[in-house]
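Shown next, in structure tokens, is the structure this report addresses.
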2 protein chains.
Amino acid sequence: MSASTKLSSSVKALCFLAESYPEPKTSNEIGENTGINASKLRKLLSLLSKGKIVTSNQGTKGGFQLLKAPKNINLQEIYCTIEDRKAFHLKVSEINGQDEYDYLGYFDNLFSTIQVEIENKMTKISLLSIMNDLKIKSKFK
Amino acid sequence: MSASTKLSSSVKALCFLAESYPEPKTSNEIGENTGINASKLRKLLSLLSKGKIVTSNQGTKGGFQLLKAPKNINLQEIYCTIEDRKAFHLKVSEINGQDEYDYLGYFDNLFSTIQVEIENKMTKISLLSIMNDLKIKSKFK
DNA sequence: AAATATGTTACACTTACTATAACAAATAGG
DNA sequence: CCTATTTGTTATAGTAAGTGTAACATATTT
């Protein structure tokens with residue numbers, strides 16, 4: 001799954017959980033509502049569970065529930081939880097090695113500073129602000 | 001070729017042309033110096049030629065030459081010339097359609113504003129400043 | 001005319017992504 | 001304790017994208 005797909009899928013799932021809080025929702029239910037494959041959802045939500053953003057319970061009457069308030073969840077946090085890399089990592093690994101000059105170091109440094117800016121931007125965006133923009137009402141206050 | 005690979009390969013080639021200016025260099029010569037495949041280089045340099053950043057000449061005594069001064073070439077310009085998309089386009093196409101809410105529009109908008117910031121950053125970086133950082137001497141003044 | 005070099009297309013190879021299936025582990029209820 | 005349910009994880013098949021290289025037409029110089 002690509003970085004942006006993971007992020008948007010996670011946001012969709014979290015919005016649905018906020019909308020239907022406090023009722024626990026199974027991966028199948030979330031899948032029906034969001035159009036995302038239930039197996040993909042379980043992968044993402046298990047990571048979000050480890051990151052203490054949702055709770056998960058197996059078995060009958062199990063499912064996923066939102067754990068943190070939407071106003072206290074930001075995009076950067078979601079991204080870091082579902083992706084082991086830094087936000088929108090730009091590859092420099094393909095730059096051919098053994099150069100006379102340190103191009104790899106240069107681009108690595110450049111892309112790092114760009115990433116810091118992206119992260120700063122995403123940190124400022126809360127799940128609640130996204131829901132407000134999309135006119136989704138959160139039941140998690 | 002990925003976005004970042006294209007960009008770094010182009011920068012390497014342009015640095016070499018600035019370093020060896022005004023001598024025209026063939027794709028094979030650039031390839032030997034940079035470690036980049038000559039065929040790949042010709043693809044990139046033909047685009048840079050259309051973008052008036054280098055000149056190209058076929059036949060004996062042909063090859064590529066820098067056309068613009070390194071201080072007047074910036075990263076954004078290089079990127080736009082070799083890539084038809086905007087800088088480091090973040091995909092949103094994979095977000096599943098037919099939603100109750102406009103997630104696609106939201107992320108499209110978010111990623112667009114991030115892209116604008118990246119573009120602004122890259123516009124401020126000239127080829128000359130990269131060469132200075134890497135301690136490469138330009139013969140194109 | 002011959003040699004050289006770009007410009008472009010094509011192709012095989014590898015890697016990454018996508019979607020889905022399968023099943024073990026955990027939980028709830030009777 | 002047994003069954004149904006649901007997460008968590010692994011595997012797999014199919015598709016798409018990226019990489020490296022080759023081939024050859026086109027253009028230019030000598």
Rounded distance in Å - [atom1] ([X]) to [atom2] ([N]):
{"X": "A:Lys61", "N": "D:dT5", "atom1": "NZ", "atom2": "C1'", "answer": "11 Å"}
{"X": "B:Lys25", "N": "C:dA5", "atom1": "NZ", "atom2": "C1'", "answer": "15 Å"}
{"X": "B:Glu32", "N": "C:dA5", "atom1": "CD", "atom2": "P", "answer": "11 Å"}
{"X": "A:Leu41", "N": "C:dT20", "atom1": "CG", "atom2": "C1'", "answer": "13 Å"}
{"X": "B:Ile30", "N": "C:dG7", "atom1": "CD1", "atom2": "C1'", "answer": "14 Å"}
{"X": "B:Lys40", "N": "D:dA23", "atom1": "NZ", "atom2": "P", "answer": "19 Å"}
{"X": "A:Ile36", "N": "C:dT20", "atom1": "CD1", "atom2": "C1'", "answer": "15 Å"}
{"X": "A:Glu83", "N": "C:dA16", "atom1": "CD", "atom2": "C1'", "answer": "13 Å"}

So, does A:Ser27 get its side chain near the phosphate of D:dT7, meaning an N or O under 4.0 Å from OP1 or OP2?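 Answer yes for this pair, as a side-chain N or O of A:Ser27 is under 4.0 Å from OP1 or OP2.
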Look at A:Asn37 and C:dT20 and indicate whether a side-chain polar atom (N or O) is within less than 4.0 Å of OP1 or OP2.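 For C:dT20, OP1 or OP2 has a side-chain N or O of A:Asn37 closer than 4.0 Å.
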In Å and rounded to the nearest 0.5 Å, what is the NZ to CG distance from B:Lys124 to B:Asn74?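 Rounded to the nearest 0.5 Å, the NZ-CG separation comes to 11.5 Å.
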Could you give the distance from CG (B:Asn109) to CD1 (B:Ile114), rounded to the nearest 0.5 Å?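 Answer for the CG-CD1 pair, B:Asn109 versus B:Ile114, is 10.0 Å.
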Looking at A:Thr5 and A:Ser8, what are the two nearest heavy atoms and their distance?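 Smallest heavy-atom distance, with atoms named: O-OG, 3.2 Å.
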Exercise: identify the closest heavy-atom pair between B:Ser46 and B:Lys43: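 Where B:Ser46 meets B:Lys43 most closely, the heavy atoms are OG-O, 3.0 Å.
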What pairs of nitrogen or oxygen atoms, one from the protein and one from nucleotides 1-3 of chain D, lie under 3.5 Å apart?
none

Can you pull out how bent the helix from C:dA1-D:dT30 to C:dG30-D:dC1 is, comparing the axes over its first five and last five pairs, to 10°?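 The end axes of the helix from C:dA1-D:dT30 to C:dG30-D:dC1 are about 10° apart, to the nearest 10°.
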Which pairs count as ring-ring contact (aromatic ring centres under 6.0 Å, His included) when at least one residue sits in residues 114-141 of chain A, sequence neighbours excluded?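 For residues 114-141 of chain A, and leaving out neighbouring residues, the ring-ring contact (aromatic ring centres under 6.0 Å, His included) pairs sorted by first residue read A:Tyr21-A:Phe140.
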With a 4.5 Å heavy-atom cut-off, do B:Ile30 and B:Asn33 have their side chains touching?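 When only atoms from C-beta onward are counted, B:Asn33 and B:Ile30 do not touch, as no gap falls below 4.5 Å.
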In the structure I gave you, are the side-chain heavy atoms of A:Leu44 and A:Ser9 within less than 4.5 Å of one another anywhere?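 Side-chain contact under 4.5 Å: yes.
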Selection residues 57-72 of chain A - residue pairs positive for salt bridge (Lys or Arg N to Asp or Glu O under 4.0 Å), sequence neighbours left out: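 Sorted pair list: A:Lys68-A:Glu77.
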Of all pairs that satisfy salt bridge (Lys or Arg N to Asp or Glu O under 4.0 Å), the ones with a partner from residues 20-35 of chain B, not counting sequence neighbours: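 Listed once each, the pairs are B:Glu23-B:Lys25.
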Nucleotide N/O of nucleotides 8-10 of chain D paired with protein N/O under 3.5 Å:
unit_1, atom_1, unit_2, atom_2, d
D:dG8, OP1, A:Ser56, OG, 2.5
D:dG8, N7, A:Arg42, NE, 3.0
D:dG8, O6, A:Arg42, NH2, 3.0
D:dT9, OP2, A:Lys50, NZ, 3.2

State yes or no: do B:Tyr103 and A:Leu128 share one hydrophobic cluster built from I, L, V, M, F, W and Y residues joined by side-chain heavy-atom distances below 4.5 Å, directly or via other members?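 No; tracing contacts between hydrophobic side chains, which count when under 4.5 Å, never links both residues.
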Pick out which of B:Asn132, B:Ile53, B:Ile73, B:Asn72 makes a side chain to side chain contact (heavy atoms under 4.5 Å, CB included) with B:Leu127.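 For B:Leu127, the side chain to side chain contact (heavy atoms under 4.5 Å, CB included) check succeeds only for B:Ile73.
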